[in-house]
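Notes follow the structure.
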Amino acid sequence: MRLNKSNSLLLVVLVFLSVALLGCREKASKETAGSELYNIFPKGELGPAGNFTGKAWNMGLVPNDSTYTTLVGNVYFEPGARSNWHTHPAGQILIITDGVGFHQIKGQPKQLLHKGDVVQCPPGAEHWHGASPDTGLQQLYIVPNTEKGIVQWLQPVTDEEYKSK
Ligand code: MN
């Protein structure tokens with residue numbers, strides 16, 4: 001194809017559009033980081049301030065009943081938000097679907113969590129989970145054998161504990 005005047009103009013427009021589109025994509029992904037993240041489920045209800053520091057949104061997915069004796073839900077922790085220390089009498093499984101966060105068992109180092117991580121919290125182990133300071137965390141939780149109990153809430157995770165390694 002010979003480049004005549006209108007072809008050249010078309011080429012210029014196409015190059016301009018490509019650059020503009022690439023720019024938009026980069027901007028969009030930067031805006032996603034640290035905000036709502038990718039949400040599979042509705043945000044749900046704000047968790048009670050007595051059990052959480054910052055904002056943690058809970059969406060129940062499978063209610064506890066005598067057939068399944070398993071509780072399943074999704075929590076979105078906003079950046080900096082975390083649970084209080086707590087225990088699950090029959091343990092808990094966490095599946096991270098987006099963002100960055102932490103899980104810590106009392107007396108052990110903080111575990112860094114990313115999308116795709118699966119955490120098994122042992123029965124009765126005092127622990128907390130939540131988002132990183134700059135990026136939120138989307139996590140599914142599964143509480144099995146709910147006939148043994150679901151959760152026992154303890155004291156808040158202090159800023160010092162949250163920042164320590
Ligand atoms: Mn837990």
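Whatever order the structure lists ligands and atoms in, that order sets their numbers, starting from 1. In this chain, residues are counted from 1 in sequence order. The model shown is predicted, which means the values in this text are computed figures rather than measured ones.
Considering every non-hydrogen atom in both Ile150 and Val143, the closest pair reads O-CG1, 4.0 Å. Smallest separation of non-hydrogen atoms from Asn74 and Tyr141: N-CE2, 3.7 Å.
Contact check for Leu140 versus Thr97: side-chain heavy atoms found under the 4.5 Å cut-off. Contact check for Asn84 versus Leu154: no side-chain heavy atoms found under the 4.5 Å cut-off.
For the Mn ion (ligand 1), the tally of protein N/O/S atoms lying closer than 2.8 Å stands at 5.
With sequence neighbours left out, the ring pair (Phe, Tyr, Trp, His ring centres under 6.0 Å) criterion links Phe77 to no other residue.
A perpendicular orientation is assigned to the rings of Trp85 and Trp128, their planes being inclined by more than 60° (bins at 30° and 60°).
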